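What you see is a predicted model, and the numbers here were worked out from it, not measured in a lab.
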Amino acid sequence: MKSDVITVGNNEKLIAQALELTERYIYEAGLEGKKAIHLNLLTEEVLCMVRAMVGEFSARFWIEDEKGEFRINVDAVADVDRAKKKELLSVSSSGKNVANKGLMSKIGAFFSDCVDNYDQVMEYTSSADNFGYVYAAGMPGTALTSTDMWTLSAYRSAVKRDKGENEEAKEAWDELEKSVIANMADDVIVGVKDNHVTLTVVKR
């Protein structure tokens with residue numbers, strides 16, 4: 001079963017339509033109890049991430065399932081004005097970029113950076129600046145030969161492995177334990193393919 005595919009972005013009307021689509025999908029799929037609650041909460045987390053992407057950002061949004069595995073999808077074409085987006089994101093009222101607080105915000109910033117800097121995306125494989133511990137931990141799955149550029153499952157494994165050895169990993173583990181999406185989702189995947197950047201939240 002697959003929902004309609006709609007456009008989402010930093011627009012309250014679009015966000016409301018996505019929430020309505022989610023409620024309709026849950027009803028039509030016959031989901032009840034924890035399954036319905038979890039899918040709703042995970043979608044809200046994804047839409048909060050989308051809402052934080054200021055400027056002219058827009059993407060396709062839909063939900064689908066296959067054999068009991070539900071997937072919340074955000075798909076963006078890498079055509080955003082890099083310089084304009086960098087200017088919008090770089091400064092908040094405090095004079096700092098506050099978009100990277102919390103796991104979902106970090107994933108969102110990483111996703112947004114991939115959209116804005118698609119032509120330079122190879123640099124992510126050697127940089128520790130865009131998603132903190134993900135590169136410092138020597139994460140697998142970052143090569144462009146794979147559709148999956150980053151996965152929560154691989155990130156969790158790397159952080160768990162190293163949390164007793166350095167402070168950065170310990171902080172990342174604490175963040176994982178507090179994260180709604182890390183505790184509810186079975187995986188989160190950020191991938192690049194054919195000029196598209198995709199984010200998929202998996203719930204079995």
Could you state whether [X] and [Y] fall into the same hydrophobic cluster, counting links through intermediate Ile, Leu, Val, Met, Phe, Trp or Tyr residues with side-chain heavy atoms under 4.5 angstrom apart?
X	Y	answer
L19	V5	no
Y27	I72	no
M104	I37	yes

Side-chain contact, heavy-atom cut-off 4.5 Å: [X] with [Y]?
X	Y	answer
V202	T200	yes
V74	F111	yes
I26	L39	yes
E12	R51	yes
W62	D75	yes
R156	L176	yes
T7	R60	no
M49	L199	yes

First locate atom [atom1] of [X], then atom [atom2] of [Y], and finally report the distance between them rounded to the nearest 0.5 Å.
X	Y	atom1	atom2	result
F70	M1	CZ	CE	8.5 Å
D187	K203	CG	NZ	12.0 Å
Q17	F61	CD	CZ	11.5 Å
D162	K170	CG	NZ	14.5 Å
E66	R71	CD	CZ	8.5 Å
K163	D174	NZ	CG	9.0 Å

Q. Is E69 salt-bridged to K67, going by a charged N under 4.0 Å from an acidic O?
A.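 No.
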Considering all heavy atoms, the nearest [X]-[Y] contact:
X	Y	result
A76	S58	CB-O, 4.1 Å
L47	I15	O-CD1, 3.8 Å
Y25	E64	OH-C, 3.4 Å
A18	V8	CB-CG1, 3.8 Å

Q: Please identify each residue that fulfils side chain to side chain donor-acceptor pair (under 3.5 Å) with N40, with sequence neighbours left out.
A: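 With neighbours one apart ignored, the set is E23.
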(Q) Is it the case that the side chain of N11 and the backbone of L14 share a donor-acceptor pair, with hydrogens and angles ignored and the cut-off at 3.5 Å? (A)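 Yes: the side chain of N11 pairs with the backbone of L14.
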Q | Y155 vs I107, side-chain contact (heavy atoms from CB on, under 4.5 Å): CA-CA, chis, key distance, verdict | A | CA-CA 11 Å; Y155 177 68; I107 294 172; over 6 Å; no
Q. Can you name the one residue among N73, T43, D4, L42 that meets side chain to side chain contact (heavy atoms under 4.5 Å, CB included) with I63?
A.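 Of N73, T43, D4, L42, side chain to side chain contact (heavy atoms under 4.5 Å, CB included) with I63 is met by T43 alone.
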Donor-acceptor pairs under 3.5 angstrom involving side-chain atoms of residues 178-186: please list them, not counting sequence neighbours.
unit_1, atom_1, unit_2, atom_2, d
S179, OG, I181, N, 3.3
S179, OG, A182, N, 3.1
N183, ND2, E177, O, 2.9
N183, ND2, S179, O, 2.7
D186, OD2, R204, N, 2.6

